[in-house]
Peer 1: 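Sending over a structure as structure tokens; questions will come in a sec.
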Amino acid sequence: EAIYINSDDTPRIYYLPFDISDYYIYDGSNTVLIYVEYFDLGTGRFSVQYESQTSSYTTAGVVTRTNTGQWKTAVFHITDGKFTNRCSSGDFRLCTWVEGQGGRQPGLYVGKVTVRRPGQILSLTAEPSVISPALEQSTTITYWLSAPARVSAWAEDSQGRVVKTFLDGREEEELTSSFTWGGLKE
């Protein structure tokens, strides 16, 4: 499903406000990533404005559509978000009125919008959760990160000494992935 920001017809709508739960983020100087799924139709622009430390309407960035006819995701990186509900009675808004970019832009189809704090492990599971390397058992570890990151893993003995390192030096990982570890036997 999608929401259409109708800036083409009367009554024109140029802004779609969003309110982040105050339990998740409220006040302070917050770093977040805002993911906006949108349908790439036409060649207009849209932006995200948010409440920063210095203004209720700070522009996080501008996206130019390229008329591919596909769903895309734009990511906006904010490092000074205050988020005390002073940006159109919310914390941020999608805009089809883009200052400095010709003003009014064509309407915009918006899918899912997600706000995440970077640098967090959102979930980590091991299945099965207990194995015996001596019996050559293995486990699959699945993780979900709040942002792409470099992932490394190691095994320790009962005294906390690293006895095996794996996934060392890999490139940046996606948000979700898994790997299988077959124990300490080579």
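Computed from a prediction, not measured in an experiment: that's the story for all the values here. Each residue takes its place number in the sequence, starting with 1.
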Peer 1: Out of curiosity, does Y57 fall in the hydrophobic cluster containing I5 (side-chain heavy atoms, cut-off under 4.5 Å, transitive links)?
Peer 2: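 Different clusters: I5 never reaches Y57 through Ile, Leu, Val, Met, Phe, Trp or Tyr contacts under 4.5 Å.
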Peer 1: Are any of the side-chain heavy atoms of R93 and V48 separated by less than 4.5 Å?
Peer 2: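 Contact flag for R93/V48 side chains = no.
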Peer 1: Classify the side-chain pair E51/T84 by whether it contains a donor and acceptor separated by less than 3.5 Å.
Peer 2: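 Side-chain D/A pair, E51 to T84: present.
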Peer 1: Please confirm whether the backbone N or O of Q105 pairs with a side-chain atom of S7, one donor and one acceptor, at under 3.5 Å?
Peer 2: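 Looks like yes, one N/O pair under 3.5 Å.
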Peer 1: Can you tell me how far the CH2 atom of W97 sits from the CZ atom of R45, to the nearest 0.5 Å?
Peer 2: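 Going from the CH2 atom of W97 to the CZ atom of R45 covers 13.5 Å.
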Peer 1: Would you say E1's side chain and K112's backbone share a donor-acceptor pair under 3.5 angstrom?
Peer 2: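 A pair under 3.5 Å: no.
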Peer 1: Is there a continuous path of hydrophobic side-chain contacts, each under 4.5 Å between heavy atoms, that joins V115 to V110?
Peer 2: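 Yes, same cluster.
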Peer 1: Please find the pair of heavy atoms, one from C87 and one from P17, that lie closest to each other, and give the distance.
Peer 2: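 So the two residues come closest at O-CB, 4.5 Å.
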Peer 1: What is the minimum heavy-atom distance between A74 and F76, and which atoms define it?
Peer 2: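 Closest approach of A74 to F76, heavy atoms only: CB-CE1, 3.8 Å.
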Peer 1: Is it true that the side chains of Y50 and D80 contain a donor and an acceptor less than 3.5 Å apart?
Peer 2: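 Y50 vs D80: donor-acceptor pair found between side chains.
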Peer 1: Between V63 and K72, is there a side-chain heavy-atom distance shorter than 4.5 Å?
Peer 2: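 No, every pair of side-chain atoms sits at 4.5 Å or beyond.
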Peer 1: Under 4.5 Å between side-chain heavy atoms, hopping through other hydrophobics if needed: is there a path connecting W71 to F46?
Peer 2: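 No, separate clusters.
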Peer 1: Would you check if the side chain of D40 reaches a backbone N or O of N67 as a donor-acceptor pair within less than 3.5 Å?
Peer 2: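 Here the side-chain-to-backbone pair exists.
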Peer 1: How far does CD1 of I25 sit from CZ of F83, to the nearest 0.5 angstrom?
Peer 2: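 Reported value, rounded in 0.5 Å steps: 6.0 Å.
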Peer 1: Rounded to the nearest 0.5 Å, what separates atom CZ in R12 from atom CG in N6?
Peer 2: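 The CG atom of N6 is 9.0 Å from CZ of R12, to the nearest 0.5 Å.
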Peer 1: Going by side chain to side chain contact (heavy atoms under 4.5 Å, CB included), L94 matches just one of Y15, F18, Y14. Which one?
Peer 2: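 That would be F18; it is the only one of Y15, F18, Y14 passing the side chain to side chain contact (heavy atoms under 4.5 Å, CB included) with L94.
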Peer 1: Flag yes if I3 and V36 sit in one hydrophobic cluster, no otherwise; membership is Ile, Leu, Val, Met, Phe, Trp, Tyr, and two members link when side-chain heavy atoms are under 4.5 Å apart.
Peer 2: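 Per the 4.5 Å side-chain linkage, I3 and V36 are co-clustered.
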Peer 1: Is the shortest heavy-atom distance from the side chain of P106 to the side chain of T96 under 4.5 Å?
Peer 2: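 Not in contact.
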Peer 1: Are V32 and Y24 close enough, and set up right, to give a side chain to side chain contact (heavy atoms under 4.5 Å, CB included), and what steps lead you there?
Peer 2: CA-CA 11 Å; V32 299; Y24 185 60; 5.7 Å; no
Peer 1: Assign the ring pair Y4 / Y109 to parallel, tilted or perpendicular, where the plane angle (0 to 90°) is split at 30° and 60°.
Peer 2: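 The arrangement is tilted - the two ring planes meet at 30° to 60°.
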Peer 1: Tell me whether D91 contacts the main-chain N or O of N85 through its side chain, where contact means a donor paired with an acceptor under 3.5 Å.
Peer 2: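 Here the side-chain-to-backbone pair exists.
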Peer 1: Mark yes or no for whether S52, through its side chain, and T54, through its backbone, hold a donor-acceptor pair below 3.5 Å.
Peer 2: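 Such a contact is found between S52 side chain and T54 backbone.
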Peer 1: Within the distance-only criterion (no hydrogens, no angle test), does the side chain of R117 pair as donor or acceptor with the backbone N or O of N30 below 3.5 angstrom?
Peer 2: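 No, because the side chain of R117 does not come within donor-acceptor range (under 3.5 Å) of the backbone of N30.
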Peer 1: What do the steps show when you test V113 against E37 for side chain to side chain contact (heavy atoms under 4.5 Å, CB included), and what is the final call?
Peer 2: CA-CA 6 Å; V113 176; E37 185 180 275; over 6 Å; no
Peer 1: As an exercise, state the distance from OG1 of T79 to CG of L33, rounded to the nearest 0.5 Å.
Peer 2: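 Reported value, rounded in 0.5 Å steps: 10.5 Å.
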Peer 1: Distance-only, no hydrogens or angles: does the R65 side chain make a donor-acceptor pair with backbone N or O of Y38 under 3.5 Å?
Peer 2: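 Answer holds: no.
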